[in-house]
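Throughout, protein chains are lettered first and strands after them, A, B, ... in sequence-line order, and every chain is numbered starting at 1.
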Amino acid sequence: MIYVCYGAFFIAQPAKGFNGGAGETARIVFFHVPVAVLSYIAYCVGAWHAISVLRARSKPGLAGRNSDADRKSAAAMELGFVYCILATITGSLFSGAQWNSYWNWDPRQISIVIMLLVYAAYLLLRSALSDRTDRRAELSAVYCLLALVPATFLIWIVPRLPWLMSLHPTEVLAQPKNTSLDYKMVLYPSFIAFFMLFGWMLQLRVRMMRLLSRG
Amino acid sequence: MSGISGKAWRQATFTVFKKEMRTELRSRVSISGIALFAFSALILLTLATATLREAQTIAFSKMLDGMTVEAIAKLRYPAWDWVSKMGLLWILLFFAAFTGLAHTFVQEEEAGTTLVLRMVSPPTAVYAGKLLFNFMLLLAVMVGVTPVYMALTGMVIGSPFVLLSVMLGGCLGLSATATIVAALAAKAKGSGTLFSALGLPLVTVFLLLLLNAASTANTIDPSALRLLRDVGGLYSFAIGVIALSGMLFPYIWEE
């Protein structure tokens with residue numbers, strides 16, 4: 001993580017292919033892209049554990065695992081919400097620096113903000129059910145899985161709708177000639193660092209929830 | 001399908017649907033609620049967009065003979081085009097649906113008939129029956145509201161086949177999302193607020209797809225492939241939600 005923070009500013013050469021700012025703004029990519037990717041992966045992790053919540057119900061022997069899977073699912077969703085906020089903020093900063101407006105309803109901005117709404121709705125459902133622990137695990141697991149359809153559409157389809165024109169520089173960065181080797185040497189470790197950070201935070205949160213439920 | 005034959009399942013579904021129809025016809029709460037909401041919103045909308053309509057009338061009066069279709073389209077562009085009219089119509093229908101479609105499940109919980117229904121028919125049949133009922137209800141409201149809306153805002157029909165498939169796909173996706181979320185909210189003993197708060201984020205994604213399909217349908221002479229792709233996207237969302245709901249509904253339904 002320290003290497004990424006240092007490398008983002010001092011090791012990597014500015015990316016090419018950006019107008020005007022000589023690619024200096026592309027340094028935010030080291031933080032923005034892993035965070036944005038994680039905000040979807042966190043959802044998938046949450047959905048994965050939601051499946052095991054529902055599976056545990058049909059097998060009576062697994063009742064103990066049910067609440068633990070529920071905790072994991074909830075923790076992943078909470079973290080996803082945080083990562084989603086971070087992705088929105090970093091994306092907005094880039095947008096402000098690069099396109100001179102912090103918010104211009106780019107399709108990616110639309111989809112991330114709706115993704116935020118979906119996460120918020122999930123957390124709202126959980127807090128609405130906070131006094132009904134018997135049904136909370138299942139109902140929130142169902143909502144999590146149900147919202148998988150819109151979430152998948154948001155991440156994979158909405159940014160590619162022909163009706164919306166995107167300025168998001170995915171293609172610019174994906175071309176190998178636009179980024180130098182040291183840029184990649186920072187970007188890939190950055191992914192690893194953020195994934196490890198996510199795993200660590202998830203573990204901490206699950207352990208905290210376990211302690212809370214015991215006390 | 002919990003071990004019963006396809007025929008029995010269809011029969012159970014149809015029975016649930018008939019039962020919903022009968023309860024609805026007895027009180028007419030859902031349909032009149034949705035229709036009242038839709039028409040009040042329609043009137044508000046017409047009043048609020050009066051200036052937009054005037055702007056369009058002026059733009060039309062500036063049109064000269066022999067103008068190309070593109071030039072006319074450009075002249076009209078800033079004001080109130082087909083896509084934005086479609087968008088407003090659907091926002092109206094979305095909110096109308098979210099005021100009324102929860103009724104089937106809430107009423108079940110209030111009357112305490114959930115247990116009986118759970119005994120007589122398999123959960124997927126209950127889901128299918130209620131979805132069918134909600135779909136019909138929304139369709140009825142849409143058939144009533146859309147022509148009035150078109151007349152008031154001066155929305156042109158365009159290609160009737162495309163319009164019909166977009167409207168049908170919209171109804172299907174909207175009723176599918178609303179039905180499953182209504183089941184969830186009713187079980188959570190939530191108020192209407194919870195229902196809207198849970199449903200609207202999901203439905204917002206659907207609105208984006210709808211507007212995308214509408215904008216394709218609006219382009220001058222869209223190719224069949226583009227239409228298939230964009231209108232098909234609409235249906236794929238609806239089918240995805242229905243398929244997932246069918247799998248998840250038993251978990252909501254059986255305590």
Nearest heavy atoms of A:Glu138 and B:Glu254, plus distance in Å:
OE1-O, 4.5 Å
Which atoms of A:Leu116 approach chain B - backbone, side chain, both or neither, heavy atom under 4.5 Å
neither
CZ of B:Phe249 to CG of A:Leu146, rounded to nearest 0.5 Å, is 12.5 Å
For B:Ser236 and A:Phe153, the nearest pair of non-hydrogen atoms, with its separation, is OG-CZ, 3.5 Å
Closest non-hydrogen atoms of A:Val142 and B:Leu248, given as atom of the first, atom of the second and distance, are O-CD1, 3.6 Å
So how far is it from A:Arg55 CZ to B:Tyr251 OH, rounded to the nearest 0.5 Å?
8.5 Å
Side chain, backbone, both or neither: which part of A:Leu54 has a heavy atom under 4.5 Å from chain B?
both
B:Ile252, part contacting chain A, at a heavy-atom distance under 4.5 Å
both
Would you find more than 12 non-hydrogen atoms of other residues, nucleotides or ligands less than 6.0 Å from A:Trp156 atom CH2?
no
Determine the option with the most heavy-atom pairs under 4.5 angstrom with chain A, choosing from B:Leu200, B:Val181, B:Leu211.
B:Leu211
Side-chain contact test, heavy atoms from C-beta onward, threshold under 4.5 Å: evaluate it for A:Leu117 versus B:Leu202 and give yes or no.
no
Is it the case that over 12 heavy atoms from other parts of the model lie below 6.0 angstrom from the OH atom of A:Tyr102?
no
Counting heavy atoms not belonging to B:Phe95, are there more than 12 under 6.0 Å from its CZ?
no
Heavy-atom pair with the smallest gap, counting every atom of B:Pro201 and A:Ile114:
O-CG2, 3.7 Å
Tell me, side chain or backbone of A:Ala128 under 4.5 Å from chain B's heavy atoms, or both, or neither?
side chain
Interface check, chain B: of A:Thr152, A:Leu124, A:Leu125, A:Leu129, most non-hydrogen pairs under 4.5 Å belong to A:Leu125
Around atom CH2 of B:Trp253, are there more than 12 heavy atoms from other residues, nucleotides or ligands closer than 6.0 Å?
yes
If I measure from the heavy atoms of chain A, does B:Val203 come under 4.5 Å with its side chain, its backbone, both, or neither?
neither
For B:Val241 and A:Val149, work out which heavy atoms get closest and say how close.
CG2-CG1, 4.0 Å
Pair A:Ile157, B:Leu209 - check side-chain contact (heavy atoms from CB on, under 4.5 Å), show working.
CA-CA 9 Å; A:Ile157 293 168; B:Leu209 296 175; 4.2 Å; yes
Please check this pair: side chain of A:Tyr143 against backbone of B:Leu198, looking for a donor-acceptor N/O pair closer than 3.5 Å.
yes
